[in-house]
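Here's the structure, in C-alpha cells; my notes come after.
Bear in mind the structure is a predicted one, so any value in this text is a computation, not a measurement. So you know, we letter chains A, B, ... as the sequences are listed, proteins then strands, and number each from 1.
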There are 2 protein chains.
Amino acid sequence: MIDRIQRLTAYRRSLELLQSAGILSVTSPLLAESSGTSASVVRKDFSSFGLQGKRRGGYAIADLLTGISAILEGVSRQGVILVGCGNLGQALLHYKGFSEGGLAITAAFDTDPARTNPRGRPPVHPLDKLERILAESGASIAIIAVPDHAAQKTLETLAAHGIRGVLNFAPVHLHAPAGVHVRNVNLEMELESVAWLASLPRSAEHLERKDS
Amino acid sequence: MIDRIQRLTAYRRSLELLQSAGILSVTSPLLAESSGTSASVVRKDFSSFGLQGKRRGGYAIADLLTGISAILEGVSRQGVILVGCGNLGQALLHYKGFSEGGLAITAAFDTDPARTNPRGRPPVHPLDKLERILAESGASIAIIAVPDHAAQKTLETLAAHGIRGVLNFAPVHLHAPAGVHVRNVNLEMELESVAWLASLPRSAEHLERKDS
DNA sequence: TAGATTGTTAATCGATTAACAATC
DNA sequence: TAGATTGTTAATCGATTAACAATC
C-alpha cells in the first residue's frame with residue numbers, strides 16, 4: 001500500500017508535466033513510461049483507488065489529478081518540522097521539492113545558538129522551544145537531520161510531543177515508539193549500492209536482481 | 001542482491017558501533033536488532049557472502065568487518081562526482097556520511113559561475129570542464145542534483161563520458177543509456193509516504209503492509 | 001464494426017519468515 | 001553433556017507480470 005502511495009506522487013508529477021505540455025489524456029503504457037513503472041502497475045494502482053479510465057481513450061489527466069489530490073487530501077494538511085540544521089538540515093529546510101505535494105516545513109530546531117534564527121522563513125528555534133512551538137503549530141510530521149548519536153533521543157522527544165511520522169536521515173536504526181512511523185533515508189547506502197552496481201563487470205549484471 | 005549490498009552498509013555501521021563499545025562478537029538476533037532487520041535475514045546475508053560464524057558464539061565482529069570490506073573492495077575505489085551545486089547539491093558536497101564507506105566526492109560541477117570554485121575542497125568547476133576533469137580523475141559514479149528539466153540531459157552527458165552509476169535526486173524518471181545504472185532518491189515521495197502513514201487513523205494501520 | 005485499452009484474474013517471481021537439523 | 005546458535009531448507013507472503021475478457 002505504501003508503494004502505491006509513493007507511486008501516486010510519481011504519477012502526479014508526470015501528469016502535471018504532461019498536462020502543461022497540453023496533453024489531456026494518457027494511456028497506462030504512456031504514463032508507465034513517463035513515471036518509470038509498468039502499465040499493469042499503473043492500471044492496478046488506479047483501479048485500487050477507484051480512478052477510472054475510458055476503455056478506448058485512456059485516463060483523463062484532469063480527473064486523475066483531481067482524484068489523486070482527493071486521496072492525498074489528509075496528507076498535505078499536516079505540518080512538518082525539521083530537527084537539526086547542520087549541513088543536510090539546512091538544505092532540507094530550503095528544499096523546494098517538498099511543497100509540490102503541499103507539504104511544507106513550518107519550523108526548524110537546532111541546539112546550536114549559532115544556527116537559530118527565529119525570524120527566518122522558516123524560523124529556526126532552539127531545541128528547548130520544541131514543546132511550545134509544536135503545541136502551537138500542531139505539526140504531526142518531523143524530519144530528523146541530527147547527528148547519529150542524537151537521533152534516538154530526538155525521536156523520543158518528538159514522539160512525546162505528538163509527532164506521528166518521521167523521516168530520518170541519520171544512518172542508524174531507530175526504535176519507534178508505538179504509533180509513530182519512521183522512514184529512513186540513508187544516503188550512504190544509496191550511493192554505495194549504485195557504486196556496487198557500477199563496479200560489476202558487464203558479464204555479471206544478472207546479479208542485479210536474481211538471488212545469489 | 002542489491003538489497004543484500006544495502007544491508008551490508010547497515011551492518012557495517014552497526015558493527016562499528018558495537019566494536020567501539022568494546023564488543024567482540026554478535027549473534028544474528030542482536031545484529032538484527034541493531035540494524036533493523038531480522039535474524040534470518042542476517043544469517044542468510046552472511047551465508048550468501050561466505051561470512052561464517054561460530055555455532056556457539058555468534059559472529060566475530062572483526063572478521064565480519066574485514067569480510068565486508070573485502071566484498072565492497074571494488075566499490076570504494078571508485079571516484080564520485082557531483083553535478084548541480086544548488087541548495088541540495090551544496091549539502092551533498094559536504095556531506096560527511098558518504099566517506100564512511102570510503103566513497104568521496106572528488107569534484108563538483110555547476111553551470112552558474114557564482115557557484116564555481118575550482119580551489120574549493122572539493123573543487124566546483126563549470127560544467128564545460130566536465131569532460132576534461134572526468135578524463136583526468138577517472139570517476140565512474142555521479143550524483144545528479146540539477147533542476148528537474150536538466151536531469152535527463154545531464155545523465156546523457158555523464159554516460160557519454162564514462163560514468164557507469166548515477167544517484168539521481170531530481171524527482172523525474174530518467175531513461176538510462178545501456179550500461180549505466182540509475183538509482184533515484186525522491187525526497188518528496190519519502191516525506192509524502194510518511195505523512196500518509198501518519199495520517200491514517202490507528203484503526204486503519206493494517207493497511208500499511210497488506211494489499212488493498 | 002473493428003480496434004484499442006481498460007479492469008481484473010491467474011501465473012510468476014522474489015524476498016522474507018519459520019523451522020529445524022547440524023554442531024560448536 | 002546440554003544448550004545455544006548457526007546455516008539451510010521449506011513455507012509463506014506480497015508484489016509484479018502476463019494474459020485476456022469486457023467494452024467503449
TODO: Working to the nearest 0.5 Å, report the span between CG of A/Leu93 and CG of B/Asn87.
DONE: 8.5 Å

- [ ] Could you pull out all residues at least two apart from B/Ser69 that satisfy side-chain contact (heavy atoms from CB on, under 4.5 Å)?
- [x] none

Open item on the list: Below the 4.0 Å mark, does C/dT16 have OP1 or OP2 next to a side-chain nitrogen or oxygen of B/Arg4?
Closed with: no

Open item on the list: Without decimals, in angstroms, what is the distance between A/Phe46 CZ and C/dG7 P?
Closed with: 10 Å

- [ ] Select base, sugar-phosphate, or nothing to describe what A/Tyr59 touches, counting heavy atoms under 4.0 Å on all strands.
- [x] sugar-phosphate

Open item on the list: I want to check one thing: is the phosphate of C/dT6, taken as OP1 and OP2, less than 4.0 Å away from some side-chain N or O of A/Ser28?
Closed with: yes

Open item on the list: Rounded to whole Å, how long is the line connecting atom CD1 of B/Ile2 with atom C1' of C/dA15?
Closed with: 15 Å

- [ ] With a 3.5 angstrom cut-off on both distances, give the Watson-Crick or G-U wobble partner of D/dA11, or none if there isn't one.
- [x] C/dT16

Task: Nearest-0.5 Å distance, OH of residue A/Tyr11 to OG1 of residue A/Thr37 - done: 5.0 Å

Open item on the list: What is the separation between atom CG on A/Asp3 and atom P on D/dT17, rounded to the nearest whole Å?
Closed with: 12 Å

Task: Nearest-angstrom distance from the residue atom CD of A/Gln52 to P of D/dT23 - done: 12 Å

- [ ] Rounded to the nearest angstrom, tell me the gap between atom CD in B/Gln6 and atom P in C/dT16.
- [x] 11 Å

Open item on the list: Checking base pairs now: Watson-Crick or wobble, both atom distances under 3.5 Å. What partners C/dC24?
Closed with: D/dG3

- [ ] Between C/dA18, C/dG7, D/dT17, spot the one nearest the side chain of A/Ser40, thanks.
- [x] D/dT17

Task: Along DNA chain C (nearest heavy atom to each residue), the more 5'-positioned of A/Ser47 and A/Gly57 - done: A/Gly57

Open item on the list: Let's see if you can work this out: which of D/dA10, C/dC20, D/dT16 has an atom nearest to the side-chain heavy atoms of A/Lys44?
Closed with: D/dT16

List, one per line, each side-chain donor-acceptor pair under 3.5 Å for residues 72-85 of chain B, sequence neighbours excluded.
unit_1  : atom_1 : unit_2   : atom_2 : d
B/Glu73 : OE2    : B/Arg77  : NH1    : 2.7
B/Ser76 : OG     : B/Glu73  : O      : 3.3
B/Gln78 : OE1    : B/Ser140 : OG     : 2.8
B/Gln78 : NE2    : A/Ala195 : O      : 2.8
B/Gln78 : NE2    : B/Val75  : O      : 3.3

- [ ] To the nearest Å, give me how far apart CG (B/Asp45) and C1' (D/dG7) are.
- [x] 13 Å

Open item on the list: Testing the 3.5 Å rule here: is there a donor-acceptor pair between the side chains of B/Ser34 and B/Ser14?
Closed with: yes

TODO: Could you check which of D/dC20, C/dT23, D/dT9 has an atom nearest any side-chain atom of B/Arg55?
DONE: C/dT23

- [ ] Name the nucleic acid region contacted by A/Ser38, choosing base, sugar-phosphate or nothing; use a 4.0 angstrom heavy-atom cut-off, strictly under.
- [x] sugar-phosphate

TODO: Report the nucleotide, chosen from D/dC24, C/dC24, D/dT16, that has the shortest atom-to-atom distance to any side-chain atom of B/Arg56.
DONE: C/dC24

- [ ] Identify which nucleotide among C/dA10, C/dT5, D/dA10 has an atom closest to any side-chain atom of A/Thr27, counting heavy atoms from C-beta outward.
- [x] C/dT5

- [ ] Using a cut-off of strictly less than 4.0 Å, decide whether B/Arg43 has a side-chain nitrogen or oxygen near OP1 or OP2 of C/dA18.
- [x] no

